[in-house]
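What follows is a set of notes on a single structure, which appears directly below.
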Amino acid sequence: MLFLRRDRLLWVLTLSALLGADIYFHLWPEIQVRLGRDWDCDCDNTASHVEEASTIAAMISPATMDYNGSKLQHLFSHHLYTVQPTKPPAHHLLLNAHETIRYHRKRIISFNRRRRSHHVDQNGTSQFINADFDFYTPWLQFHLGISKDALYPRSSPVVEQLLEKISNLTIIHADYSPDDKALNGECDCSPIVKPSGTHLKLVLRFQDFGKAMFKPMKQNREDETPEDFFYFVDFQRHNAEIAAFHLDRILDFRRVPPVSGRLINVTEDIFLAAGNSELQTVFFLSPADNVCFFSKCLYMCKTEYAVCGDPHIIEGSLSAYLPSLSYAPRHSVPNPWIRSYTFTGKEEWEMNPSYCDSVKHLHPYTNPRRLLNIIDMAIFDFLIGNMDRHHYEIFTKFGDDGLLLHLDNARGFGRHSQDELSILAPLYQCCM
């Protein structure tokens, strides 16, 4: 009997707590609103009340609301995004501030010396601009804020500052991407999937010594992926990189480096700023008198693959660079749910619904955090429609517990009307 009475008492306490919560959170606010109303209708002031109500309605209407900036800025001003996180301990940060500053001070001296020498050798007539170094420059603060959990803190003002700099700062140097340099113009054209993709990419350096990956606009933003295209030959879209960054930030993953759009002057910002003579050799004038350029890789060394200005201006995306691999190494890991990059083949996960059971016994997926990060990445890829996540990268310093970097999202947003559910395979096969 004693246990029955105790159970009855627990039920009474539980129900009382639920009733009290309902009254406090739902009923009491409604009572306060009703008590605060003026229920006496003043017919003489009806017109003024209607006018006031109309004014308020217009003020809060989404169509007329003054955001004091973009709608994204208005969204990120919400308290969910402005909560100040606790400062991560030093061992959770990627870089040591003193060592990083010392490293970059040496690099910038060497960089300016090489550029000046190249400028003299080429008999350059344009004004020579030295790269400057400032501890408070946004790209450096972005690098110093990278932690084990995210590329930047949730409410960091550095992101907006970095986007502003990327969009407007003077470009003083242009060069091939590291992939193109490694290939050295020699590409094997036999595989379907090319070693550096089919998107022309350049590295642009700014006056503050920050740098970004430039991907030019190659098709109209309204163009969608044709139904007969395989995912591995899909277009790469500069605006997909921009949209993916903003979505990643909205979802609070913060695993995509900041990306901004920008109008680039092909002649001034790339040709005249070219860091080597090889890059300048791929520029030409089209029959429409537009300045164009193409990649030096053999399968792209054709004018039909060229990117052209109008006549000099071209739109593109600029993605902020992560810290150099020389002092912040990253490890590239094959995605367990990689797709078959052939016309007819299928991977094991596409045929075996229990595939995740075997993955869970493989290193590093014996660590639940890594597998949950894979699922996060799959959800992100599903929302952007990216079927091309064959690898992912992690910072070597953080080991198995670190974040997964969501890099190279240019093949996202191909078909707005199609949801490719197979991208969610890690989620529905692992059920975590």
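Remember, predicted model here, so these are calculated numbers, not experimental data. In this chain, residues are counted from 1 in sequence order. Both backbone and side-chain heavy atoms feed into the values below; hydrogens, waters and symmetry mates do not.
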- Query: With the threshold set at 4.0 Å, does a side-chain nitrogen-carboxylate oxygen contact exist between Glu160 and Arg249?
  - Reply: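 Looking at Glu160 and Arg249, the cut-off is met.
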- Query: With the threshold set at 4.0 Å, does a side-chain nitrogen-carboxylate oxygen contact exist between Asp408 and Lys215?
  - Reply: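 Salt bridge present between Asp408 and Lys215.
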- Is there less than 2.5 Å between the SG of Cys431 and that of Cys356?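 Cystine link not detected, SG atoms outside the 2.5 Å cut.
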So, [X] versus [Y]: side-chain donor-acceptor pair below 3.5 Å or not?
X	Y	value
Arg154	Thr82	no
Trp337	Glu350	no
His331	Tyr392	no
His92	Ser147	no
Arg102	Asn96	no

What distance separates [X] [atom1] from [Y] [atom2], expressed to the nearest 0.5 Å?
X	Y	atom1	atom2	answer
Asp248	Ile384	CG	CD1	9.0 Å
Asn112	His173	CG	NE2	10.5 Å
His406	Asp381	NE2	CG	7.0 Å
Asp132	Thr137	CG	OG1	9.5 Å
Ile374	Leu404	CD1	CG	5.0 Å
Leu95	His143	CG	NE2	8.0 Å

- Query: Does a side-chain heavy-atom distance below 4.5 Å link Leu75 with Gln73?
  - Reply: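 When only atoms from C-beta onward are counted, Gln73 and Leu75 do not touch, as no gap falls below 4.5 Å.
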- Chi angles and distances behind the salt bridge (charged side-chain N to carboxylate O under 4.0 Å, His left out) call for Arg255, Asp376: CA-CA 11 Å; Arg255 299 168 190 172; Asp376 279 346; 3.5 Å; yes
Proximity of [X] and [Y] rings by center, below 6.0 Å:
X	Y	value
Phe214	His238	no
Phe111	Phe209	yes
His104	Tyr327	yes

- Message: Set out, in order, the CA-CA distance, both residues' side-chain angles and the distance that settles side chain to side chain contact (heavy atoms under 4.5 Å, CB included) for Leu318 and Met213, then state yes or no.
- Response: CA-CA 5 Å; Leu318 285 169; Met213 178 71 75; over 6 Å; no
- Item | All side-chain contact (heavy atoms from CB on, under 4.5 Å) counterparts of Ala378, not counting sequence neighbours |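 Listed in chain order: Pro426.
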- Could you tell me whether Lys211 sits above the aromatic face of Tyr321, with NZ or CZ closer than 6.0 angstrom to the six-membered ring centre and within 45 degrees of the axis?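 Checked: cation-pi criterion met.
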- Task: Check Asn265, Asn290, Ile264 against His312 for a side-chain contact (heavy atoms from CB on, under 4.5 Å) and give me the one that passes.
- Result: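 Answer to the side-chain contact (heavy atoms from CB on, under 4.5 Å) test with His312 among Asn265, Asn290, Ile264: Asn265.
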